[in-house]
Amino acid sequence: MVWLVNLVFMREFMELNPIKPRHSRLLRSAVQRETPTSQLTELWSPLENQGWKPCVKSKKPTALPEKSEGYIQVFLDGGLNQQRMGICDAVAVAKILNATLVIPYLELNPVWKDSSSFMDIFDVDHFIDVLKDDISVVKELPEDYSWSTREYYSTAIRETRIKAAPVHATAHWYLENVLPVLQSYGLAAISPFSHRLSFDTVPVEIQHLRSKVNFEALIFVPHIRTLGDALISRLRYPQGSAEEMDSNYLQEVINAGDKKKPGKFVVLHLRFDKDMAAHSACDFGGGKAEKLALAKYRQVIWQGRVLNSQFTDEELRSQGRCPMTPEEIGLLLAALGFDNSTRLYLASHKVYGGEARIQTLRQLFPLMEDKKSLTSPLERSLIKGKASLLAAVDYYVGMHSDIFISASPGNMHNAMVGHRTYLNLKTIRPNMQLMGQLFLNKAIEWKEFQQAVVEGHQNRQGQVRLRKPKQSIYTYPAPDCMCQA
């Protein structure tokens with residue numbers, strides 16, 4: 001228990017004490033930066049038509065078979081975006097097997113600690129309606145199968161549970177191994193079900209269906225969309241502090257259409273939580289207290305089994321394997337040309353180091369907002385303490401932003417890159433290796449740093465990249481789910 005007390009103390013110490021900037025020379029120049037109008041115009045301009053368009057609808061929908069082979073249950077773990085991909089794969093597997101899909105069960109994740117169900121997050125009626133010509137979907141099992149619960153499978157080995165589904169299994173594997181269970185019992189429950197369907201060697205209509213689920217069938221419940229619309233409206237038409245805003249945000253959204261000249265905004269997914277920092281094994285400038293806290297956390301959570309820990313901080317940074325701190329992502333944005341009038345929406349779970357860690361980013365971008373600054377406690381009451389719903393709001397706002405950028409790769413980054421590619425929206429992908437090497441150069445001047453950043457990100461702003469073998473269609477929707485116009 002002593003280590004736990006120390007860990008809590010160090011975390012509080014980190015959040016209450018200022019963290020010195022690691023790149024003071026660059027920061028001083030960035031604060032005084034001036035961006036030419038021509039650069040700002042180019043930076044904010046939408047992507048040009050790249051010759052690709054969404055392509056997920058069948059030319060002539062075929063009628064569903066009269067008889068289903070049985071019911072498919074899946075149990076999904078992970079955070080919101082990992083679960084989202086699992087839902088898409090579950091629909092595809094149901095189609096392959098001619099099975100009826102039971103609305104997927106979302107496991108309680110030990111990190112996210114959110115018990116929200118599918119119906120708490122996604123509009124289930126819309127989901128069923130969009131897919132009605134592709135597969136049969138039911139909200140719950142009929143009474144004859146009501147015994148098939150999560151608890152039922154956790155107590156013993158069950159013949160209806162498919163536990164051995166390999167990662168990235170082929171369609172043939174499901175036909176060989178799951179179809180017989182369906183035909184024998186009328187039900188098959190697949191758990192675990194994460195990354196359990198191949199991105200290759202599946203029929204093109206299955207690829208189209210997965211993307212149809214991801215980009216058309218999965219929309220958030222109305223109160224998430226309404227709150228998201230209010231946030232978007234307040235970012236485009238600034239009115240004042242959250243305390244000054246009327247709690248009736250729906251009326252505000254309706255009236256927003258009468259206003260003129262909407263402003264632009266960037267959504268930054270600041271992926272810098274405690275797990276990310278600890279697992280990276282990098283040094284983030286918090287001194288001995290931070291190093292010790294992260295080392296202890298790493299030992300408790302992963303028993304020290306972190307591959308990166310065998311490398312030095314310099315080696316990790318030069319390879320682009322260190323997540324960028326708020327200070328570093330702020331310097332990247334400033335170098336790209338975003339000035340201090342930029343409205344920045346911070347999409348994030350909990351930033352490691354708290355406000356002390358964010359201070360330098362706020363110094364560069366004083367018009368930085370988040371869910372808390374833009375809404376009242378009453379408006380946030382339905383999502384308070386629910387990580388999946390908080391992430392859903394951020395995802396929604398991110399999809400409606402002029403530009404999206406994530407500080408480090410991850411499930412949110414991958415999902416947003418794919419979705420925004422599908423809709424031809426500008427999305428900046430940080431060149432992690434370049435940034436790591438630039439930040440290692442303590443003598444670099446602002447002009448050299450800025451030039452390197454601009455040149456290193458010219459082709460990383462939403463340009464369509466064709467999917468390569470083994471890559472995810474959810475991150476690279478072309479060419480499987482997009483057609484050349």
Mind running ring pair (Phe, Tyr, Trp, His ring centres under 6.0 Å) on Y71 and Y145 for me, showing each step along the way? CA-CA 9 Å; Y71 295 94; Y145 294 99; 5.6 Å; yes
Between F127 and F118, does a ring pair (Phe, Tyr, Trp, His ring centres under 6.0 Å) hold up when you go through it step by step? CA-CA 11 Å; F127 180 81; F118 183 105; 5.1 Å; yes
Apply the test ring pair (Phe, Tyr, Trp, His ring centres under 6.0 Å) to residues Y422 and F215: give CA-CA distance (whole Å), side-chain angles for both, the deciding distance (0.1 Å), then the verdict. CA-CA 8 Å; Y422 186 77; F215 303 132; 4.0 Å; yes
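For the pair W52/L466, a side-chain contact is recorded, criterion being any heavy-atom separation below 4.5 Å from C-beta on. Considering only heavy atoms from C-beta on, Q83 stays 4.5 Å or farther from E107 through its side chain.
R236 and S401 form no side-chain donor-acceptor contact under 3.5 Å, judged by distance and modelled atom types alone. A donor-acceptor contact closer than 3.5 angstrom links the side chains of T375 and R380. With 3.5 Å as the limit, one finds a donor-acceptor pair spanning the side chains of S148 and Q73. Judged purely by distance below 3.5 Å, without hydrogens or angles, the side chains of S318 and R321 never pair a donor atom with an acceptor atom. In this model, a donor atom of one side chain and an acceptor atom of the other lie less than 3.5 Å apart for S116 and D114. With hydrogens and angles left out, the side-chain atoms of D275 and Y297 include a donor and acceptor closer than 3.5 Å.
The only option from L344, L270, I329 that meets the side chain to side chain contact (heavy atoms under 4.5 Å, CB included) definition with I405 turns out to be I329. Of the options N411, D89, N214, a side chain to side chain donor-acceptor pair (under 3.5 Å) to Y474 is made by D89 and by none of the others. Each of V130, V91, L218 was compared with K212 under the side chain to side chain contact (heavy atoms under 4.5 Å, CB included) criterion, and only V130 meets it. Each of R467, K468, K470 was evaluated against D200; a single residue qualifies, R467, per the salt bridge (charged side-chain N to carboxylate O under 4.0 Å, His left out) test.
Under 4.0 Å is where a charged nitrogen must lie from a carboxylate oxygen, and between R210 and E205 no such pair does. D402 and R343 are not joined by a salt bridge, as no carboxylate oxygen comes within less than 4.0 angstrom of a charged side-chain nitrogen. For K386 and D120, the salt-bridge test fails: no basic side-chain N is under 4.0 Å from an acidic carboxylate O.
In terms of modelled atom types and a separation under 3.5 Å, the side chain of T421 and the main chain of V417 share a donor-acceptor contact.
Both the sub-6.0 Å distance and the 45° axial angle are satisfied by R158 relative to the ring of Y152. Figure legend: cation-pi geometry between R234 and F265 absent, as NZ or CZ is not positioned both under 6.0 Å from the six-membered ring centre and within 45° of its axis.
The distance between the ring centers of Y105 and F75 falls below 6.0 angstrom.
By the 30° and 60° cut-offs, the orientation of the rings of Y352 relative to F272 is tilted.
Between C55 and C481 the SG-SG gap reaches or exceeds 2.5 angstrom.
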